[in-house]
Asks: 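Sharing a structure with you now.
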Amino acid sequence: MRNIGRLLPMREHAGEVIENAAVRIESGTVAWLGHERDIKPAPDTPELDANGAVAVPGFVDPHTHLVWAGVRREEFVARLAGEQYDGGGIATTVAATRAASPDELFMLAVGRGRRMIANGTTTVEIKTGYGLTSADELKCLEVIGRLAAELPWGVQATYLGAHVVPPGRDRAEYVDEVIATIPAAAAAGATWVDVFCDEGVFTIDETRAILQAAKDAGFGTRLHAEEIAYTGAAKLAAEMGCASADHLEHVTAEGARAMAAAGVVGVLLPTVTLSLRTFAFGQYQVLRDAGVPLALSTDCNPGTSWCESMPYVVQLACLVYGMPVHEALWSATRGGAAALRLGDVGHLSVGARGDLALLDAEHEADVVARLGAPGCSATVVRGQVWPSPPMPRVNV
Ligand code: NIG
Ligand code: FE
């Protein structure tokens, strides 16, 4: 690809910019990058013109709940009128997801996935968590497997049987069922286990037991932590060696220091704070001061963040946290890769995957400053330009 006005490769540090750049991708992998004047001609290789745009590595979105059926508009409208979120609406989505066939769930999720790729996302983590019986959770993992096969992006599958205790179930029995399902989740393609460890959801002790079982079975672990209230979940993530602790609206300096010492990546989800209208935007400073490596994510889900756009998340992180633009773009690419412990995505270096997002701007700061703009003008996945999908009639 030639005529890149500003290339941000996210190699050693967030601020590296190559002006008037070009990238060569061979067999889906970056073979060369640098100043356009230095590129050697390659006859018979198709050339793309970036028209002077900004290019970043394809976004790595490390926290999504993409597989669901139904909508939660009554809950959203009630929040606009002042209702507080307590996770209770998850049961609405669980009922609709259980009632849906694998084909229906796939059709809904693949539309979301296509729009995410059009927004520049080329690697994504996808959780279960709206089935909440062994059979329904495994059905959702099967759908995640089909999403990985159907679309050209990279997919990491997470088993989140411990999203909430399903209505009508005994807690202790349900925790036992989650643990007993872990081997089947591995066989169905999951490599991560996540728990919603929060006030009114899973306790620290329940979470520890699930994470230990996951680790014993060879899974990587991650946590929904300190979202609704402070419970000490960030410290537990550090104790258990989780790859990431996500949300963190109520993290303390002590929790943040424990995360930094254990190398736990903090995944920030500014669209959730916006959608829940809690205005608890302050945790970025606490985490940054403690030296926690940070990632950004959409948390795409029907309850707290109906968002398919990483450029929007970057914009919001800058505007509400006061994150510097280059740091936000790093967190949306290299940071996401760190949260998923992936080395070959989130940066543009020789040997990395040939994934790029072209931002619809001549300078990266304009992507943040220009409100309501789409952000991403084209996505290159493994060296191929992603065709913008036609708009579906119903956008769910
Ligand atoms: O990441 N916090 C827990 N889980 C999701 C929301 C789930 C829902 O409300 O459907 C989240 O915010
Ligand atoms: Fe989530």
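Read the numbers this way: they start at 1 and go in the same order the structure lists the ligands and their atoms.
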Asks: How about I18 and H35: do any of their side-chain heavy atoms sit closer than 4.5 Å?
Replies: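 They are in side-chain contact.
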Asks: Please could you name the atoms of ligand 1 that H247 approaches to less than 4.0 Å, counting only its heavy atoms?
Replies: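 Those qualifying, in numeric order: 1 (O), 2 (N), 11 (C), 12 (O).
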Asks: Within 45° of the axis and under 6.0 Å from the centre of the six-membered ring of Y174, does NZ or CZ of R169 qualify?
Replies: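 Cation-pi check for R169 and Y174: fails.
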Asks: Within the 4.5 Å heavy-atom criterion, are E226 and T231 side-chain neighbours or not?
Replies: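 A side-chain contact exists here, since the closest heavy-atom pair is under 4.5 Å.
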Asks: Just checking, is any N or O donor in the side chain of H63 or D299 under 3.5 Å from an acceptor N or O on the other one?
Replies: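 Checked: H63/D299 side chains pair up, N/O donor to acceptor below 3.5 Å.
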Asks: Give a yes/no on ligand 1: does T93 have at least one heavy atom closer than 4.0 angstrom to it?
Replies: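 Distance cut 4.0 Å: T93 fails for ligand 1.
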Asks: Begin from the C-alpha positions of D360 and R370 and carry the test side-chain contact (heavy atoms from CB on, under 4.5 Å) through to its verdict.
Replies: CA-CA 10 Å; D360 194 15; R370 192 172 166 212; 3.9 Å; yes
Asks: Below 2.8 Å, can you find an N, O or S atom of H247 next to the Fe ion (ligand 2)?
Replies: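 Of the N, O and S atoms in H247, none lies under 2.8 Å from the Fe ion (ligand 2), which means no.
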Asks: Can you measure from CZ (R382) to CG (D355) and round to the nearest 0.5 angstrom?
Replies: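 Separation between the atoms: 4.0 Å.
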Asks: For atom 10 (O) of ligand 1, what's the nearest protein heavy atom and its distance?
Replies: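 Checked against all protein heavy atoms, atom 10 (O) of ligand 1 sits closest to Y130 OH, 2.6 Å.
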Asks: Please calculate the NE2(H224)-the Fe ion (ligand 2)-NE2(H63) angle and round it to 10 degrees.
Replies: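 Here the angle at the metal atom is close to 90°, to 10°.
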Asks: What atoms in ligand 1 come closer than 4.0 Å to a heavy atom of Y85?
Replies: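 Answer for ligand 1: 6 (C), 7 (C), 8 (C), 9 (O).
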Asks: Mind checking whether S309 and T298 have side chains closer than 4.5 Å, heavy atoms only?
Replies: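 Contact flag for S309/T298 side chains = no.
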Asks: Taking atom types as modelled, is there a side-chain donor on T121 or N119 under 3.5 Å from an acceptor on the other?
Replies: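 There is no such pair between these side chains.
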Asks: Have a look at the Fe ion (ligand 2) and estimate, to 10 degrees, the angle subtended by OD1 (D299) and NE2 (H65).
Replies: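 Result: 80°, to 10°.
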Asks: Which of the numbered atoms in ligand 1 are below 4.0 angstrom from a heavy atom of E227?
Replies: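 Listed by number with element: 2 (N), 3 (C), 12 (O).
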Asks: Can you check ring pair (Phe, Tyr, Trp, His ring centres under 6.0 Å) on H250 and Y230, steps first, answer last?
Replies: CA-CA 5 Å; H250 300 281; Y230 170 77; 9.0 Å; no
Asks: Pull out every atom of ligand 1 sitting under 4.0 Å from any heavy atom of F196, numbered as shown with elements.
Replies: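 Under 4.0 Å from F196, ligand 1 has these atoms: 2 (N), 3 (C).
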Asks: Counting each atom of ligand 1 from 1 as listed, which ones have a heavy atom of H65 under 4.0 Å away?
Replies: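 Answer for ligand 1: 1 (O), 4 (N), 5 (C), 11 (C).
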Asks: Note the single closest protein heavy atom to atom 1 (O) of ligand 1, along with its residue, its atom name and the distance in Å.
Replies: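 Protein heavy atom with the smallest distance to atom 1 (O) of ligand 1: D299 OD2, 2.6 Å.
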Asks: Among all protein heavy atoms in this structure, tell me which lies nearest to atom 4 (N) of ligand 1, with the distance rounded to 0.1 Å.
Replies: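 Protein heavy atom at minimum distance: H163 NE2, 2.8 Å.
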Asks: Is the closest heavy atom of W68 to ligand 1 under 4.0 Å?
Replies: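 W68: no contact with ligand 1 (<4.0 Å).
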Asks: Which ligand 1 atoms are under 4.0 Å away from a heavy-atom of T304?
Replies: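 Near T304, meaning under 4.0 Å from one of its heavy atoms, ligand 1 has 6 (C), 9 (O), 11 (C), 12 (O).
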Asks: Considering the heavy atoms of H63, write down every atom of ligand 1 situated less than 4.0 Å from one of them.
Replies: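 Per the distance check, 1 (O).
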Asks: Does this structure show an ion pair linking D194 with R222, if we count only N-O contacts that are shorter than 4.0 Å?
Replies: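 Between R222 and D194 there is no salt bridge, as every charged N stays at least 4.0 Å from the carboxylate O atoms.
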Asks: Go through ligand 1 atom by atom and flag the ones less than 4.0 Å from a non-hydrogen atom of R72.
Replies: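 Atoms satisfying the 4.0 Å criterion: 8 (C), 9 (O), 10 (O).
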